Each structure stands twice: as structure tokens, then as C-alpha cells.
Amino acid sequence: MTQAPMDREVLVDVEPAFRDDESSSEASRYVFSYTVTIHNHSPRSMQLLARHWKITQGSGKVQEVRGKGVVGQQPMIGPGQTFRYTSRAILDGPVGVMEGAYTCVDTASQRPFEVSIPPFRLAGPNQVH
């Protein structure tokens, strides 16, 4: 029996939010939180080992962030389970786009795989772009 690759059975949802209370247009500091939900729809357990984010600011400046796990954890996500966390990004303008990938491992086979994080928009209030 052939199993589908796990990367096709793991889905990522992201909900961004502008943090007006922490932002300052005078200081060119625009803070966004984003809540990520990782859904493991596979019949196998997985562990999230690392993250890679690409943040494109409205000015065109690109920043890449790499690191172990997320929010200080390398979570195990069992079959049918989800893992949710909230983190932040600070931009120098009111709009931007984030996208990236998680490096994970199938805990049974120890086979690594990547899960894409589709692009999502960061936009402060009243931003049309």
C-alpha cells in the first residue's frame, strides 16, 4: 500500500492581526500578531523541527527568519490533531506579506519533509494595497 506524502496531509491556517496598541507610525513600527494552526490530517505522527519565514515589507525589503521549532517548542502532532500558536512580526511599514515552510519529521519513519506556509497579508487599518 502506497502512502501519500505527509506534506500533502498537513495543512497550515494563519490568522494575522494588526496590534495597534504596540505600533507607532511616528516610529515606523507596525506590529502584527499571527495565529497559526497546523492540522495533521495524516494517519501518522509528526514533529515540527524548524521554521523558515520570508517576510516581504511593503517597501520591498525582504527579511528571512530561520530557527528551531516555533515559540520555543518542537511540537509532536498526532494523527488528526492540531497545534496552534501565536507569534509576532514587526514591520517598518503598514503592509507586508509573510510566507514560509516548516521542516518536520514523520516520527515512525524518521523521514523529514517540508510543509509550505502559503503567503498571507499583513495590513494595518485602512490599507488598501
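All values reported here derive from a predicted model rather than from experimental measurement.
The shortest side-chain heavy-atom distance between Val36 and Val70 does not fall under the 4.5 Å cut-off. A 4.5 Å side-chain heavy-atom check between Ser25 and Tyr30 finds at least one atom pair inside the cut-off. Side-chain contact between Lys68 and Gln74 is present, with heavy atoms from C-beta onward closer than 4.5 Å. Annotation: side chain of Tyr102 is not in contact with side chain of Phe113 (no heavy-atom distance under 4.5 Å). Between Lys54 and Val62 there is a side-chain heavy-atom pair separated by less than 4.5 Å. Side chains of Val31 and Arg88 form a contact here, defined as non-hydrogen atoms less than 4.5 Å apart. With contacts defined as side-chain heavy-atom distances shorter than 4.5 Å, the pair Ser59/Asp92 qualifies. For the pair Tyr85/Thr37, no side-chain contact is recorded, criterion being any heavy-atom separation below 4.5 Å from C-beta on.
When all heavy atoms are compared, the tightest approach of Pro79 to Pro43 is CG-O, 3.4 Å. Taking every heavy atom of both residues into account, Pro118 and Val12 meet most closely at CD-O, 4.3 Å. The two residues Cys104 and Met46 have their closest heavy-atom pair at SG-CE, 3.4 Å. Of all the heavy atoms in Gln47 and Thr107, the pair that sits closest is N-CG2, 4.0 Å. Across all non-hydrogen atoms, the minimal contact from Glu114 to Ala101 is OE1-CB, 3.7 Å.
No chain of hydrophobic side-chain contacts below 4.5 Å, direct or via other Ile, Leu, Val, Met, Phe, Trp or Tyr residues, connects Ile90 to Val71.
With values rounded to the nearest 0.5 angstrom, Ser42 atom OG is found 10.5 Å from Leu11 atom CG. Rounded to the nearest 0.5 angstrom, Thr82 OG1 and Ile77 CD1 are separated by 8.0 Å. Here CH2 of Trp53 is found 9.5 Å from CD of Glu99. Values are rounded to the nearest 0.5 Å. Interatomic distance, Gln63 CD to Leu91 CG, rounded to the nearest 0.5 Å: 8.0 Å. Atoms CZ and OH, on Phe32 and Tyr34 in that order, are 12.5 Å from each other to the nearest 0.5 Å. Annotation: the span from Met76 atom CE to Ser45 atom OG amounts to 6.0 Å, rounded to 0.5 Å.
The backbone N or O of Gln81 lies less than 3.5 Å from no partner atom in the side chain of Asn40, so there is not a single donor-acceptor pair.
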#### Entry: Stepwise side chain to side chain contact (heavy atoms under 4.5 Å, CB included) check, Val65 with His52
CA-CA 6 Å; Val65 178; His52 172 216; over 6 Å; no

#### Entry: Criterion side chain to side chain contact (heavy atoms under 4.5 Å, CB included) on Val105 and Arg111, from CA distance to verdict
CA-CA 5 Å; Val105 65; Arg111 185 176 282 148; 5.7 Å; no

### Pair Asp106-Arg44, salt bridge (charged side-chain N to carboxylate O under 4.0 Å, His left out): steps then yes or no
CA-CA 7 Å; Asp106 177 327; Arg44 301 177 303 283; 3.0 Å; yes

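Only one option out of Thr56, Leu122, Ile117 pairs with Met98 in a side chain to side chain contact (heavy atoms under 4.5 Å, CB included); it is Leu122.
A donor atom on one side chain and an acceptor atom on the other are not found under 3.5 Å apart for Thr86 and Ser33. Between Ser23 and Arg29, the side chains place no donor N or O within less than 3.5 Å of an acceptor N or O (distance only, hydrogens not considered).
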